[in-house]
Each structure stands twice: as C-alpha cells, then as structure tokens.
Amino acid sequence: MRPLIIKLGGALLDNKEDLTKLFVVISKYKKNYQRPLVIVHGGGSMVDALMDRLSLPVVRRNGLRVTPADQIDVIVGSLAGSSNTKLLSETKKQNIASVGLCLADGNSVKVKQISEELGYVGEAKVGDPTLINLLLNANYLPIISSIGITEEGQMMNVNADHAAVALAKTLDADLILLSDVIGVLNADKQLIESLTESQADQLIADGIITDGMIVKVKSAFEAATTLGHSIDIASWKAADKLPDLFNGKSGITGTRIIA
Ligand SMILES: Nc1ncnc2c1ncn2[C@@H]1O[C@H](COP(=O)(O)OP(=O)(O)OP(=O)(O)O)[C@@H](O)[C@H]1O
Ligand SMILES: [Mg+2]
C-alpha cells in the first residue's frame, strides 16, 4: 500500500482540542487500515507568536517567510523543537509509536538555498527514502518538521508544503494538505470543491488566492502532476471526515486539486 503523507499546518498547534481530536482520528485510522502514515508539519502561527514575543520582525515574500541569519536558530527551535515535540506528545497520548525528525534526518529531503533575498529559506528536493521506509516497515509514525540542512551544513527553513511535496515524490506517496481553512475559497469566501491549474492561476491573478495559499495550491499542482493523481487541500477541523478523505473518496470535504 502506498504511504500517505498528511501535511499539518496553520494554527493547529494552538488549538489543543482540535489537535487531540485529530490524533484520535489518526490513531483509529492507523489501526483500521494499517496504512503507512507520515506527518509533515509547518507551524507558521507558532513561529509568528514567538517572533512577536522576541520582538523580531516577520516578513513574508510570495507566501514564504524571509529568514535572516538572526532568526534561523529561533525558527529551528520552534519548528524542529517545540512544534515537533508537541505533535509527538499527542501520539504518546494515543499510544502511537512515533519518531520526531526533520528533513535532514536520513537525508530524506534535500535542501538548497532559494535566494540571498529570502535568507535561510530552502528549496526542497527529492531525497533518500531509506530511513523513512525503514521506520514505516517497523510501524512507526514519522513526524517530520520542515527544517532542512544544505549539503554545506547550513540549517534552512523550508515551507512545509514544499517539504511535503518533495517527500511525497521521494516516497511515491499520496499527499493531503491540512490547514486551518476548509479548503480553497472563492471571492465570496465559499469553498471551491475542485480546481484545475488554469482556474487556480486565474484566482491567483485576481488576488483571491493569496499568501500561503498560493504556495499551497502551486505545491499541490506540482505534486498532482508528478504523482499522477489528485491532491486534496482540506482542514484538520473536519476530523470526522478525514478517514474517507485519506481513503481517496471524492466529494467528502475540502478542495480537490485535479492532476
Ligand atoms: N483563496 C483562499 N482560500 C483559502 N485560504 C486562503 C486563500 N487565500 C489566502 N488564504 C490564506 O492561506 C492560509 C493558509 O496558508 P498558510 O501558509 O497560512 O497555512 P498552512 O500552510 O496550513 O500552515 P504552515 O504555513 O504553518 O505550514 C489561510 O489561513 C488563509 O488565510
Ligand atoms: Mg503555509
């Protein structure tokens, strides 16, 4: 069975109730379907809160967090440290055997600096599947933060959607992107149930899809094209609907990005 990568992002880590509910569902799903699962996570809102506490500026360009030299340590601490460990804590409560990792572990996702302008922001590339497959075969749930390390040994902040797509290619896995919005919304803030690439480009040009959602939608099309099947963008808030979504059923919840 193909592994399923569940990418978690948005304000999930700040919502204790939703977080626990989600891991109850994941635990049941794991037991019922015995499907290899991998979690990749961001944690933008937790990083923002920390930056605020430390009075460090938050700058985003095209949905990507500009990461200057004096911020990378703090961002690594937040994503690979507290965010990752927080998710691990939830698996403990549900008795799920799990391992907390970052992209650099096992060279699972390779990372290269995107540009000087963005600072320590990495582009995610296909890596080595050996370590993750080893863990999946031993029935562990890998929980992977979007922190990577370049070949030169520089720590990098990677957008977690980019990271999830690179890992999906590495593992030839299915992918679901879960955020704090129900899916992609139109100009009237209504859910768009499915999107083709040309429709998405138009919504971006019209300023209806903005910020992190531009990155997410583009990542989803890249994954859909490479993997040859649709990708769903949905909300972790819709926990009770997720098992059907994980099983690939259509018309359940969220936006389907058509390959
Ligand atoms: N058309 C749109 N429909 C839905 N959300 C949109 C749209 N345009 C912009 N957004 C924003 O995109 C956000 C989701 O992307 P964001 O990068 O903030 O979260 P994430 O990718 O789930 O989490 P993280 O970046 O921490 O991994 C939504 O919370 C919403 O504010
Ligand atoms: Mg994002």
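Both ligands and their constituent atoms are indexed starting at 1 by order of listing. From a predicted model like this one, the values you see are computed outputs, not experimental measurements.
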Next item on the list: Tell me which protein heavy atom sits closest to atom 23 (O) of ligand 1, plus the residue, atom name and distance to 0.1 Å.
Entry: Gly10 N, 2.6 Å
Item checked: Least distance between heavy atoms, Ala164 atom then Leu177 atom -> CB-CD2, 4.5 Å
Next item on the list: Please name the pair of heavy atoms, one in Val181 and one in Ser235, separated by the smallest distance, quoted to 0.1 Å.
Entry: O-CB, 3.3 Å
Check: Any idea which atoms of ligand 1 are less than 4.0 Å away from a heavy-atom of Gly43?
Finding: 26 (O)
Note to self: Tell me the protein heavy atom at minimum distance from atom 3 (N) of ligand 1, and give that distance in Å.
What the structure shows: Leu185 N, 2.9 Å
Next item on the list: List the closest protein heavy-atom neighbour of atom 11 (C) of ligand 1: residue, atom name, distance to the nearest 0.1 Å.
Entry: Met213 CB, 4.1 Å
Margin query: Strictly distance-based, threshold 3.5 Å: is any side-chain N or O of Thr67 a donor or acceptor partner for the main-chain N or O of Val121?
Written below: no
Notebook entry, point to check: Which of the numbered atoms in ligand 1 are below 4.0 angstrom from a heavy atom of Val184?
Noted result: 3 (N)
Check: Quick one: do the Lys237 and Asn15 side chains pair a donor with an acceptor below 3.5 Å?
Finding: no
Margin query: In this structure, does ligand 1 have an atom that sits under 4.0 Å from one of the heavy atoms of Lys189?
Written below: no
Margin query: Taking atom CG as the centre, does Leu185 end up with more than 12 heavy-atom neighbours from other residues, nucleotides or ligands that are less than 6.0 angstrom away?
Written below: yes
Next item on the list: Look at atom 26 (O) of ligand 1 and find which of Ala164, Gly44, Gly42 reaches it with the closest heavy atom.
Entry: Gly44
Check: Does atom 13 (C) of ligand 1 have a protein heavy-atom neighbour under 4.0 Å away?
Finding: no
Margin query: Counting only heavy atoms not in Asp128 (residues, nucleotides, ligands), do more than 12 fall under 6.0 Å from its CG?
Written below: yes
Note to self: Does either side chain, that of Glu193 or that of Thr255, offer a donor lying less than 3.5 Å from an acceptor on the other one?
What the structure shows: no
Next item on the list: Check whether the side chains of Ser145 and Asn84 place a donor and an acceptor atom closer than 3.5 Å, and report yes or no.
Entry: no
Item checked: Option nearest atom 4 (C) of ligand 1 (shortest heavy-atom distance, choices Gly207, Gly183, Gly9, Ser219) -> Gly183
Notebook entry, point to check: Who gets closest to atom 30 (C) of ligand 1 by heavy atom: Val181, Asp211, Ile208?
Noted result: Val181
Next item on the list: May I ask you to decide whether Asp174 forms a salt bridge with Arg35, counting only side-chain N to carboxylate O separations under 4.0 Å?
Entry: yes
Check: Where the side chain of Gln202 meets the backbone of Gln199, is there a donor-acceptor pair that is under 3.5 Å apart?
Finding: no
Margin query: Please classify the His41 to ligand 1 contact at 4.0 Å (heavy-atom distances, strictly less than): side chain, backbone, both or neither.
Written below: neither
Item checked: Contact (N/O only, under 3.5 Å) between Lys216 and ligand 1 -> yes
Next item on the list: Using a strict cut-off of less than 4.0 Å between a Lys/Arg side-chain nitrogen and an Asp/Glu carboxylate oxygen, indicate whether Glu222 and Lys169 qualify as a salt bridge.
Entry: yes
Next item on the list: Under 4.0 Å from a heavy atom of Lys7: give me the atoms of ligand 1 that qualify, with their elements.
Entry: 20 (P), 21 (O), 22 (O), 23 (O), 24 (P), 27 (O)
Checklist line | Protein contact of atom 29 (O) of ligand 1 - nearest heavy atom, named by residue and atom, plus distance | finding: Asp180 OD1, 2.9 Å
Next item on the list: Look at atom 19 (O) of ligand 1 and say which protein heavy atom is nearest, naming residue and atom and giving the distance to 0.1 Å.
Entry: Ser179 OG, 3.7 Å
Check: Where on Asp161 is there a heavy atom closer than 4.0 Å to ligand 1, on the side chain, on the backbone, on both, or on neither?
Finding: side chain
Item checked: Protein heavy-atom partner closest to atom 17 (O) of ligand 1 - residue, atom, separation in Å -> Gly212 CA, 3.4 Å
Notebook entry, point to check: Does any N or O atom in Ser45 lie less than 3.5 angstrom from one in ligand 1, N or O only?
Noted result: no
Next item on the list: Could you find the nearest protein heavy atom to atom 8 (N) of ligand 1 and give me its residue, atom name and distance?
Entry: Thr210 N, 3.1 Å
Notebook entry, point to check: Can you find a side-chain donor-acceptor pair between Ser219 and Asp161 that sits under 3.5 Å?
Noted result: no
